[in-house]
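Any value given below was found using the heavy atoms of this structure, including those in side chains, with hydrogens, waters and symmetry copies removed.
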Amino acid sequence: MNFAGAGEFSGMSPSTSLVGVMQDRLRAKHYSPRTEEAYVGWVRRYVRYHRRRHPREMGATQVREYLTHLAVDRQVSASTQNQALAALQFLYREVLDDPLAEALDHLHAKRPTRLPTVLRKDEVALVLAAMRGTTQLMALVMYGGGLRVMECCQLRVKDVDLVGGEIMVRGGKGQKDRRTLLSRRGAEALRPHLARVARVHETDVRSGAGYVSLPEALRGKLGSAAARSWPWQWVFPASRTYRDGSTGERRRHHMHETVLQRAVPEAARVAGITKRVTCHVFRHSFATHLMEAQHSLPLIQQLMGHRDIRTTMLYLHVVSTARAGVRSPADQLEMAGATDALRSA
């Protein structure tokens, strides 16, 4: 197999360049488009850092130097550093067929154990009350089912059971499907929302549009008509359509995740929440509140889609000590005189 030189990294055709071969390998192994983009980006930066030397000409020393640069000069987090390492291991193992990939295992950065930020139920209500429209509904669905932001954005009509109160998450993290909860409040709000989305879809179809993207394997199996059918439409579609370059279809994408990612922190600010609130905080809060309600760990693990129950057990450390009936020893001191002194200080 011929590989383009590192100096030609961005100029060669996808079929002959090193990046092109890497993209082919990633797609053949069904890595997500986001992982593909991240891995290719790390390989490009690795090559540029070493003045465009071809990766085959470099080894563990150069990889270690680059990871040190990321940690010391760029001050990236351990998880970011490990993602860069994973990208380089994929390059050497899957593209260059180099045993170096296994020799790099010891370079993994130790990730600190950090407790997730969690909102109390009243804080969740305050944040939701400070939101409006579709983003408010999306935040409610995320909290009610423990969804990640992209899992929420990529929901399709067929995967939402309004009557049964369930959501089927397709191709979640690790390409795993799972069932999770749809709250009664969320189902009630989704009914009129989906009615409006259906009217927009009908208008799109009449104008010759109405298509959505489908997984390639399903598109070949079901045909292009499925991409226009109601069950496959996005629950939260974008406001504009676009013309797909490969098929010529007029499609509507799902709402971009950045819309929600901007709306949630802004709502927390308006609500006066001083914690750092992101979309993922709703997922952490969902798991913690289920645990506070004394639901079983295996059930919460299933709803969250965790591969290892130890990940689920992390939320045990987040459960409110006050709700567990734990009192601070400072509240049990006999210090009436000292208390008066504190009040006058």
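Considering all non-hydrogen atoms of both residues, Ala267 and Ala130 come closest at O-CB, 3.5 Å. In this structure, Ala87 and Met22 approach most closely via the heavy-atom pair O-CE, 3.8 Å. Across all non-hydrogen atoms, the minimal contact from Met138 to Met255 is SD-SD, 3.6 Å. The two residues Val157 and Trp234 come nearest to each other via the heavy atoms CG2-O, 4.4 Å. The nearest pair of heavy atoms linking His254 to Cys153 is CB-O, 3.2 Å. Leu162 and Ala187 get closest at one heavy-atom pair: O-CB, 3.8 Å.
A salt bridge links Asp204 with Arg252: at least one charged nitrogen is closer than 4.0 Å to a carboxylate oxygen. We find that Glu94 and Arg25 are not joined by a salt bridge, their nearest charged nitrogen and carboxylate oxygen being 4.0 Å or further apart. Here Arg170 pairs with Asp159 in a salt bridge; the nearest charged N to carboxylate O distance falls below 4.0 Å. A salt bridge links Glu123 with Lys275: at least one charged nitrogen is closer than 4.0 Å to a carboxylate oxygen. Using a cut-off of 4.0 Å between Lys/Arg side-chain N and Asp/Glu carboxylate O, Arg27 and Glu36 are scored as salt-bridged. A salt bridge links Arg269 with Glu266: the closest approach of a Lys/Arg side-chain nitrogen to an acidic carboxylate oxygen falls below 4.0 angstrom.
In this structure, CZ in Arg52 is found 14.5 Å from OH in Tyr46, a value given to the nearest 0.5 Å. The CD atom of Gln261 sits 5.5 Å away from the SG atom of Cys279 when rounded to the nearest 0.5 Å. Rounding to the nearest 0.5 Å places OH of Tyr92 at 13.5 Å from CG of Asp97. Taking NE2 of His193 as the reference point, atom CD of Glu188 lies at 15.5 Å (rounded to 0.5 Å). Going from atom OG1 of Thr135 over to atom CG of Leu128 covers 10.0 Å, rounded to the nearest 0.5 Å. For the atom pair Leu190 CG and Leu137 CG, the distance stands at 4.5 Å (nearest 0.5 Å).
Between His306 and Ile300 the shortest side-chain heavy-atom distance does not fall below 4.5 Å. The side-chain heavy atoms of Gln89 and Tyr39, taken from C-beta on, include no pair separated by under 4.5 Å. Residues Ile167 and Leu155 meet the side-chain proximity criterion, which asks for heavy atoms closer than 4.5 Å. A 4.5 Å side-chain heavy-atom check between Val141 and Leu147 finds at least one atom pair inside the cut-off. Contact check for Leu314 versus Leu115: side-chain heavy atoms found under the 4.5 Å cut-off. In this structure, the side chains of Phe286 and Leu181 come closer than 4.5 Å at one or more pairs of heavy atoms. Residues Val19 and Arg44 meet the side-chain proximity criterion, which asks for heavy atoms closer than 4.5 Å. A 4.5 Å side-chain heavy-atom check between Leu96 and Leu18 finds at least one atom pair inside the cut-off.
Hydrophobic clustering of Ile, Leu, Val, Met, Phe, Trp and Tyr side chains at less than 4.5 Å, counting indirect connections, keeps Val127 apart from Val270. Both Leu140 and Met150 belong to a single network of hydrophobic side chains, linked directly or stepwise wherever heavy atoms of I, L, V, M, F, W or Y lie under 4.5 Å apart. Residues Val63 and Val72 fall into different hydrophobic clusters, defined by Ile, Leu, Val, Met, Phe, Trp and Tyr side chains chained together at heavy-atom separations under 4.5 Å. Leu214 and Val205 end up in different hydrophobic clusters when Ile, Leu, Val, Met, Phe, Trp and Tyr side chains are linked at under 4.5 Å. No continuous path of hydrophobic side-chain contacts links Met168 to Leu303 [ILVMFWY only; heavy atoms under 4.5 Å].
Checked by atom type and distance alone, the side chain of Asp177 pairs as donor or acceptor with a backbone atom of Gly171 at under 3.5 Å. A donor-acceptor pair is defined here as one N or O able to donate and one able to accept, closer than 3.5 Å; such a pair exists between the side chain of Arg156 and the backbone of Trp232. Judged purely by atom type and a 3.5 angstrom limit, His108 uses its side chain to pair as donor or acceptor with the backbone of Asp105. Looking only at distances, a side-chain donor or acceptor of Glu151 sits under 3.5 Å from a matching main-chain atom of Arg148. One N or O on the side chain of Arg132 and one on the backbone of Ala129 form a donor-acceptor pair closer than 3.5 Å. Side chain of Ser285 to backbone of Leu119: a donor-acceptor contact under 3.5 angstrom is found. A donor-acceptor pair under 3.5 Å links the side-chain atoms of His201 to the main chain of Arg228, judged by distance alone. Of the possible polar contacts, one joining the His50 side chain to the Gln62 backbone as a donor-acceptor pair under 3.5 Å is found.
In the model, Thr80 has a side-chain atom that pairs as donor or acceptor with a side-chain atom of Ser77 under 3.5 Å. For His280 and Thr278, the side-chain atoms include no donor-acceptor pair closer than 3.5 Å. Between His284 and Tyr315, the side chains place a donor N or O and an acceptor N or O closer than 3.5 Å (distance only, hydrogens not considered). A donor-acceptor contact under 3.5 angstrom links the side chains of Asp244 and Thr247, judged on distance only. Between Gln301 and Asp308, the side chains place no donor N or O within less than 3.5 Å of an acceptor N or O (distance only, hydrogens not considered).
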Inset, instruction - Report the C-alpha separation of Val149 and Cys152 in whole Å, then their side-chain angles, then the decisive distance to 0.1 Å, and conclude whether the side-chain contact (heavy atoms from CB on, under 4.5 Å) test is met. - result: CA-CA 5 Å; Val149 63; Cys152 180; 5.8 Å; no

Inset, instruction - Please test Tyr66 against Tyr49 for ring pair (Phe, Tyr, Trp, His ring centres under 6.0 Å), starting from the C-alpha separation and ending with a verdict. - result: CA-CA 7 Å; Tyr66 180 62; Tyr49 177 77; 5.5 Å; yes

Inset, instruction - Take Met291 and Leu316 through the side-chain contact (heavy atoms from CB on, under 4.5 Å) test and state the conclusion after the steps. - result: CA-CA 7 Å; Met291 199 161 288; Leu316 285 170; 3.4 Å; yes

Inset, instruction - Take Arg64 and Thr68, measure what side-chain contact (heavy atoms from CB on, under 4.5 Å) needs, and give me the verdict at the end. - result: CA-CA 6 Å; Arg64 188 181 299 108; Thr68 301; 4.3 Å; yes

Legend entry - Residues Gln23, Val40; criterion side-chain contact (heavy atoms from CB on, under 4.5 Å); working and verdict: CA-CA 8 Å; Gln23 289 174 324; Val40 168; 3.9 Å; yes

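Among the candidates Gln154, Lys176, Arg178, the single residue satisfying the side-chain contact (heavy atoms from CB on, under 4.5 Å) test with Val169 is Arg178.
With sequence neighbours excluded, no residue forms a salt bridge (Lys or Arg N to Asp or Glu O under 4.0 Å) with Arg283. Not counting sequence neighbours, Trp42 has no partner by the ring-ring contact (aromatic ring centres under 6.0 Å, His included) test.
At most 12 non-hydrogen atoms from other residues, nucleotides or ligands lie less than 6.0 angstrom from CZ of Arg307. A 6.0 Å sphere centred on CZ of Arg310 holds no more than 12 heavy atoms belonging to other residues, nucleotides or ligands. Other residues, nucleotides and ligands contribute over 12 non-hydrogen atoms within 6.0 Å of the CZ atom of Arg243. With a 6.0 Å radius and a threshold of 12 heavy atoms from other residues, nucleotides or ligands, Glu37 has its CD atom at or below the threshold.
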